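As the structure is a computational prediction, the values presented were derived from the model and not from experiment.
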Amino acid sequence: MNLKKIFIFFSIVIFFTYFSCQFQGFSSENQEYNELNKEISKLFEIYEKAVVYNDPTSLNDLENYLNEFDSKYNSNLSSDFRKLKTENLNRFSGNNNNYPLLTDLPFDIDGAIYLSGGSSDPVSTVIAYIAPLSTPGKYYHGGALDLNKFDPSNLQVPCIQTAVAKGAGYETAYDWMSKVNVTVLKLKNNVNQTSLNNAQNAMHYYCKPENTNMQYGFFKSYVNVAQIVTKDDNYYWYCTKVVWRLYNILGIDLDSNSSLIDWTKSGLYNAVKTYYFTVYFYDKAKAQQKLNEYINYAKYNIVLAEEIYLSPLVQKIYEKIRKY
């Protein structure tokens, strides 16, 4: 073997040895992070079932998930959930939620942001457990009006850009008049109408019914590795991300990351806390550090309805709260 071949051989060996060491150096934490994300992605699949499909079986799904989580991580999340479930069912027993249509809901401002909360039990119990719900109307759903598509003579025409089962999509004015708690927001500063139209047209590409090359979700999966969906991802969509993206095209960031949102009341926070304090049972300071890092990462990437509601860039022009 000549010197050139010997040099190439040892260069390859050194490269792969270095790469292997680098990978092994991070493998433990990567595995731990991926395992947590897989657990949390299951939680958001149940949340999706409640929010998007209004599916009452999500209540049993969540209880089963929490029972399995408790057995795996020696926690008591299921008992906390059962307490919440009992409180909610007692509070709303006999209430069939047949509220009248919101006939005074305004549909006259292009780009207006609509947020909704409240839901039919037992679905509301699932949402109340998983999300922080730190606003008066317990808002968790959102959309933005494309006034060019609104038809006052036909309230069933799709005109509000949001997310549906397929991913980004449309809801109708009637859909929103039928919701329980609703608020309407508008920007404090006006935007150029042409720019707004262009942004709405850009979002129409994703929202139009025939575009089904996408998925609803807060997490994405690659070979058993789940990750929180980033705001610039064009495949996974949820309702408030659609609203955020519309305005982000205009250079406006509606994700306030407000400190008024109490993440410690969310099922997400409690599950992550349980996970890290189990993994790092021997080092509470490190467990708290990991918890803080994860929640800050989630706050940065997930756009909650609450974060839009509390944005300093918007003002409230309508609010109707009929269920607390």
Query - Heavy-atom closest contact (Tyr139 atom, Ile321 atom, distance) - result: OH-CG1, 3.8 Å
Report task. Could you grab the distance from atom NZ of Lys286 to atom OH of Tyr280, nearest 0.5 Å is fine? Result -> 4.0 Å
Query raised in the report: If you group Ile, Leu, Val, Met, Phe, Trp and Tyr by side-chain heavy-atom gaps below 4.5 Å, do Ile308 and Tyr300 land in one group?
Result: no
Requested in this report: Measure from the side-chain N and O atoms of Tyr269 to the backbone N and O of Asp262, and report whether any donor-acceptor pair falls under 3.5 Å.
Outcome: no
Query - Residue Lys231 excluded, over 12 heavy atoms near NZ under 6.0 Å - result: yes
Query raised in the report: With no hydrogens and no angle check, is any side-chain donor or acceptor of Ser256 less than 3.5 Å from a backbone partner on Glu307?
Result: yes
Requested in this report: Report the distance from atom CD1 of Ile130 to atom CD1 of Ile40, rounding to the nearest 0.5 Å.
Outcome: 9.5 Å
Requested in this report: Please list all pairs passing the side chain to side chain donor-acceptor pair (under 3.5 Å) test where one or both residues lie in residues 144-153, with sequence neighbours left out.
Outcome: Asp146-Lys149, Asn148-Asn197, Asp151-Ser153
Query raised in the report: Does the ring pair (Phe, Tyr, Trp, His ring centres under 6.0 Å) test come out yes or no for Phe218 and Tyr47, once each step is laid out?
Result: CA-CA 10 Å; Phe218 293 83; Tyr47 181 82; 5.8 Å; yes
Query - NZ/NE/NH1/NH2 to OD/OE distance under 4.0 Å, Lys38 and Glu35 - result: yes
Query raised in the report: Looking only at side chains, do Asn37 and Tyr294 share a donor and an acceptor under 3.5 Å apart?
Result: yes
**Report entry** From CG (Asn213) to CG (Asn234), nearest 0.5 Å
**Finding:** 10.5 Å
Query raised in the report: If you measure only the distance, is there a donor-acceptor pair under 3.5 Å linking the side chains of Glu293 and Tyr33?
Result: no
Requested in this report: Spell out, as yes or no, whether a donor-acceptor pair under 3.5 Å connects the side chain of Tyr140 to the backbone of Glu306.
Outcome: no
Report summary line: One should read off an interatomic distance between Leu115 CG and Lys138 NZ, to the nearest 0.5 angstrom, of 14.5 Å
Query - Smallest separation among heavy atoms of Ala50 and Val123, with atom names - result: O-CG1, 3.4 Å
Requested in this report: Decide whether Tyr236 and Gln227 meet the rule of one side-chain donor and one side-chain acceptor closer than 3.5 Å.
Outcome: no
Requested in this report: Consider only side-chain N and O atoms of Asp61 and Ser58, and report whether a donor and an acceptor are under 3.5 Å apart.
Outcome: no
Query raised in the report: So, for Ala144 and Val243, which heavy atoms are closest and what is the spacing to 0.1 Å?
Result: N-CG2, 4.1 Å
**Report entry** Spacing of Leu66 atom CG and Leu43 atom CG [to the nearest 0.5 Å]
**Finding:** 7.0 Å
**Report entry** Reported OG1-to-CE distance for the pair Thr162 and Met203, which is rounded to 0.5 angstrom
**Finding:** 10.0 Å
Report task. Sequence neighbours left out, what pairs pass salt bridge (Lys or Arg N to Asp or Glu O under 4.0 Å) with at least one residue falling in residues 156-174? Result -> Glu171-Lys179
Query - Over 12 foreign heavy atoms within 6.0 Å of OH, Tyr282 - result: yes
Report task. Write out all pairs satisfying salt bridge (Lys or Arg N to Asp or Glu O under 4.0 Å) with one or both partners inside residues 101-117, taking only residues at least two apart or from two chains. Result -> Asp104-Lys320
Requested in this report: Verify side chain to side chain donor-acceptor pair (under 3.5 Å) between Glu39 and Tyr73, making sure each step is shown before the conclusion.
Outcome: CA-CA 11 Å; Glu39 293 287 1; Tyr73 299 107; 3.0 Å; yes
Distance-only check: which donor-acceptor pairs under 3.5 Å involve side-chain atoms of residues 76-85, not counting sequence neighbours?
residue	atom	partner	partner atom	Å
Ser78	OG	Asn67	OD1	3.4
Ser78	OG	Asp70	OD2	2.5
Ser79	OG	Asn76	O	2.7
Lys85	NZ	Glu63	OE1	2.8

Requested in this report: Output the rest of the hydrophobic cluster of Leu147: all Ile, Leu, Val, Met, Phe, Trp and Tyr residues reachable through side-chain heavy-atom contacts under 4.5 Å, sorted by chain and number.
Outcome: Leu101, Leu102, Leu105, Phe107, Ile109, Tyr114, Leu145, Phe150, Leu155, Ile160, Tyr174, Trp176, Met177, Val182, Val184, Ile317, Tyr318
Query - ring-ring contact (aromatic ring centres under 6.0 Å, His included) against Tyr170, all qualifying residues, sequence neighbours excluded - result: His204
Query raised in the report: When you look at OH of Tyr297, are more than 12 heavy atoms from neighbouring residues, nucleotides or ligands closer to it than 6.0 Å?
Result: yes
Query raised in the report: Under 6.0 Å from the NZ atom of Lys49, do we count more than 12 heavy atoms belonging to anything else shown?
Result: yes
Query raised in the report: Among side-chain atoms of Lys265 and Ser134, is any donor-acceptor pair under 3.5 angstrom?
Result: no
Query raised in the report: Would you find more than 12 non-hydrogen atoms of other residues, nucleotides or ligands less than 6.0 Å from Asn189 atom CG?
Result: no
Requested in this report: Measure across Leu268 and Trp263 and return the closest heavy-atom pair with its distance rounded to 0.1 Å.
Outcome: CD2-CZ3, 3.5 Å
Query raised in the report: If Ile, Leu, Val, Met, Phe, Trp and Tyr residues are connected whenever their side-chain heavy atoms lie under 4.5 Å apart, and connections chain through other members, are Val164 and Val229 in the same group?
Result: no
**Report entry** Sidechain-backbone polar pair: Asn248 side chain, Trp244 backbone, donor-acceptor under 3.5 Å
**Finding:** no
Report summary line: On a heavy-atom basis, the closest approach of Ile302 and Asp255 is O-OD2, 3.9 Å
Query raised in the report: Do other residues, nucleotides or ligands put more than 12 heavy atoms under 6.0 Å from the CG atom of Asn190?
Result: no
